[in-house]
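Here is how names work: the chains are called A, B, and so on, in the same order as the sequence lines, proteins then strands, and each is numbered from 1.
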Protein chains: 2
Amino acid sequence: MNIGEIARRAGVARSTVSYALTGKRPVSEETRQRIQAVIEELNYRPNAAARALKEGRTRTIGLVIPPASQRLTDMQLGFVATVVDAAARADLDVLLSPSGGEHERSFERVVTGRRVDGVILMEIRLEDDRVTRLRQSGLPFVGIGRTSHPEDMTWVDVDYETLISQCVHHLADLGHRDIALVNRSAELVAAGYGPGHRAQAGFTRAVAQRDLHGVHACCADDAQAGLSCVERLLAEHPELTAIATINETAITGMYRALAQAGLAVPKDFSIAGVAARHLAENLDPPLTSADVPTIELGARAVELLIQRIADPGSPHRHLLAAPPISLRGTTGPARPRA
Amino acid sequence: MNIGEIARRAGVARSTVSYALTGKRPVSEETRQRIQAVIEELNYRPNAAARALKEGRTRTIGLVIPPASQRLTDMQLGFVATVVDAAARADLDVLLSPSGGEHERSFERVVTGRRVDGVILMEIRLEDDRVTRLRQSGLPFVGIGRTSHPEDMTWVDVDYETLISQCVHHLADLGHRDIALVNRSAELVAAGYGPGHRAQAGFTRAVAQRDLHGVHACCADDAQAGLSCVERLLAEHPELTAIATINETAITGMYRALAQAGLAVPKDFSIAGVAARHLAENLDPPLTSADVPTIELGARAVELLIQRIADPGSPHRHLLAAPPISLRGTTGPARPRA
DNA sequence: TTGTAAGCGTTATCAA
DNA sequence: TTGATAACGCTTACAA
């Protein structure tokens, strides 16, 4: 089924069908209706490849996600969902591309093969090859996250530095003097994962400002690791009374470690973090946390990308979200441990 | 950058470049290398739209997911991740399409617009329009899930009926006589959601076989709903000593309701379910459950789809997974409640 | 208001 | 072993 067949049956030229479809040229009401009837009868829809070839655009955006092997966090999942949703609202399709590891080819296809009009890139490192490659290619892109030179790219990001700093200040206000930061995995941080570094910077700064004693620990992204990480922290640093964290997936394990050590939250020990609201609310007790506005950030990323596609020369724009900390059930006055 | 430019610089015809690229015709080693050099120098990659137009296939598969608004469960997320992963391994791209609700157009574009070579459909209802439309369109598709007439389509699915039945038998073996099934949301079940109906069927069957007393309850897909659902169950049915469930997302709330009622798991109350392993293992206590093999099912779905694309006339194939129940920490001997 | 025809970048047929 | 050329299905200048 193609446009020629529709034209034949409606007794008009192919171009007339095209114009009736796109509205880029007036078509008399009568022929428009005749064409419409045929289109509906045959359930015709223009061939996307032909249209893309002719127009030079695909009406598709690429979403580059971390490889599936390492499970997506609640927050990452939130971004994927809202990006797909926002794109669909703008009649854009979304091509998913796992990057990293063995999926190099997938990324190359998407970027170089003109399969998409633009790209949204997740999980950006401070130094990131993919950003370099996208820049070279000239393909419009927007980061969810940013490199260490964030001026010359468009991005939305979570202000982990400020947020973790606020967590520490909040804990210090409650009298806590010995606080640990539970970061993401050591590999991720070593690989230059932005949120890990920025959280650490914010932690260090706040600890210095308040003249506290701070401990930094990396922790793999799963509950088991959270459990053993906190077990170790409690053993090695008996003076600790609070934790600040950006590691969503390890949190349930951290809760468990505290429970097993006989520490009640928030009576004996406090926790504050940065997490997806959905996750924070559903923990027991609910986590005091800065709730990352994934829906807004994802939607804004799509919006910024659409703008860049429309006008690739426009100046880069940035959105750094620092949502307020929502007080829930996990922070309370400091109480020295035995 | 196009194939003509490569041909010009390498001093050969466009077709020769094409053949050097696809290997569908022998090309002398010398010219092949000359072409290869130019390609690498310019980092050329064939235009996907032109290729799709000419070849009549897109090297892309569609993945139709439930709309983002209703959060994806751990299991659904697992499917998405493994499908993307398996597809990338076969050098296929994945086009994501949220279906249902307001995203009708996205589905239509993907199906009718020849944007993909085949489709993987998630969250299938017993009667499902999308299956009907895909059948009409002639586009190869594979379901993760199945309709009430599953013979004439290709699918992979979880055998909820058998699994819930096994859960009930396991609980009965431990002496439980009064068991509740916590199903997915009432809307989902009313809309003919397969797993909900099949779980109910398995539950009813096993309850009859063992001459037990069974209570069926629907529960929305979040922790809060799990909490209030179990609160209500405990109040209205003081005789209950165990729960079987397929509602992953409500489980933490169910745990909380039991704790608040002063019931220890598994000493006072047992729970068994069907869930993603990752989730089951990370609960506290870890959930006794049939672990849905998302990785295998997702990979098999892609495999089956690739086969159907290659040979659309081949007979339909099915894969019904009934993984064994993994005994973890949530089921124990029945102990009558006060 | 409508029709004609060129061309987007490939692949594949037919010649050489 | 290679080259010229006709499609694939669409959009859009240009003509009528």
* Answer yes or no: are there more than 12 heavy-atom neighbours, outside B/E29 itself, under 6.0 Å from its atom CD? => yes
* **Distance, rounded to the nearest Å, where A/R115 contributes CZ and C/dG9 contributes P** => 17 Å
* Asked: Reckon B/T31 has a side-chain N or O less than 4.0 Å from the OP1 or OP2 of D/dT2?
  -> yes
* To do: Report the end-to-end axis angle of the helix from C/dT1-D/dA16 to C/dA16-D/dT1; each axis comes from five terminal pairs, and the value is rounded to 10°.
  => 40°
Sequence neighbours excluded and cut-off under 3.5 Å, please list the side-chain donor-acceptor pairs for residues 295-304 of chain A, or say none.
| residue | atom | partner | partner atom | Å |
| --- | --- | --- | --- | --- |
| A/R300 | NH1 | A/E303 | OE2 | 2.5 |

* A/R8 CZ to C/dG3 C1', straight-line distance once rounded to whole Å -> 17 Å
* To the side chain of A/N47, which of D/dG9, C/dA12, D/dT5 is closest? -> D/dG9
* Taking the side chain of A/Y44 as its heavy atoms from C-beta onward, which of C/dG3, D/dT12, D/dC10 lies nearest to it? -> D/dC10
* Structure fact -> Looking only at heavy atoms, the pair that brings A/R130 and A/S99 closest together is NH1-OG, 2.8 Å
* **Protein-nucleotide distance (A/Y19, atom OH; D/dG9, atom P), rounded to Å** => 20 Å
* Asked: What is the nucleic acid contact for B/S28, judged by heavy atoms within less than 4.0 Å: base, sugar-phosphate only, or nothing?
  -> sugar-phosphate
* Asked: Which atom pair, heavy atoms only, marks the closest approach of A/D93 to B/S106?
  -> OD1-OG, 4.0 Å
* Asked: Do B/V83 and B/M122 come close enough that some side-chain heavy atom pair is under 4.5 Å?
  -> no
* Asked: What is the distance, rounded to the nearest whole Å, between atom CZ of B/R32 and atom C1' of D/dT2?
  -> 16 Å
* Answer yes or no: is there an ion pair linking A/R133 with A/E104, defined by an N-O contact shorter than 4.0 Å? => yes
* **Nucleotide of D/dG9, C/dT13, D/dA13 approaching A/N2 most closely (side-chain heavy atoms)** => D/dG9
* Asked: NA contact type, B/G11, heavy-atom cut-off 4.0 Å: base, sugar-phosphate, or nothing?
  -> sugar-phosphate
* Just by distance, do the side chain of A/R135 and the backbone of A/D152 share a donor-acceptor pair under 3.5 Å? -> yes
* Asked: C/dG3, D/dT5, D/dC10: which one has an atom nearest the side-chain heavy atoms of B/S15?
  -> D/dT5
* Asked: Between B/E5 (CD) and C/dC8 (C1'), how many Å, whole number?
  -> 16 Å
* Answer yes or no: does a side-chain N or O of A/K24 lie under 4.0 Å from OP1 or OP2 of D/dT12? => yes
* Asked: Given atom CE of A/M1 and atom P of D/dC10, what is their separation to the nearest angstrom?
  -> 10 Å
* How close or far is atom C1' of C/dA16 from atom CZ of B/R25, stated in whole angstroms? -> 11 Å
* **Side-chain touch A/R109/A/L95, heavy atoms, less than 4.5 angstrom** => no
* Could you state the atom-to-atom distance from CZ of A/R14 to P of C/dT2 in whole Å? => 17 Å
* NZ/NE/NH1/NH2 to OD/OE distance under 4.0 Å, A/E108 and A/R105 -> no
* Give me the residues of residues 50-61 of chain A where at least one heavy atom lies under 4.0 Å from an atom of DNA chain C, by number, or none. => A/L53, A/K54
* Answer yes or no: does a side-chain N or O of B/S18 lie under 4.0 Å from OP1 or OP2 of C/dT10? => no
* For residues A/V17 and A/R14, determine if any side-chain heavy atom of one lies less than 4.5 Å from a side-chain heavy atom of the other. => no
* Residue A/I3, side-chain heavy atoms: nucleotide from D/dG3, D/dT11, D/dT5 that is nearest -> D/dT11
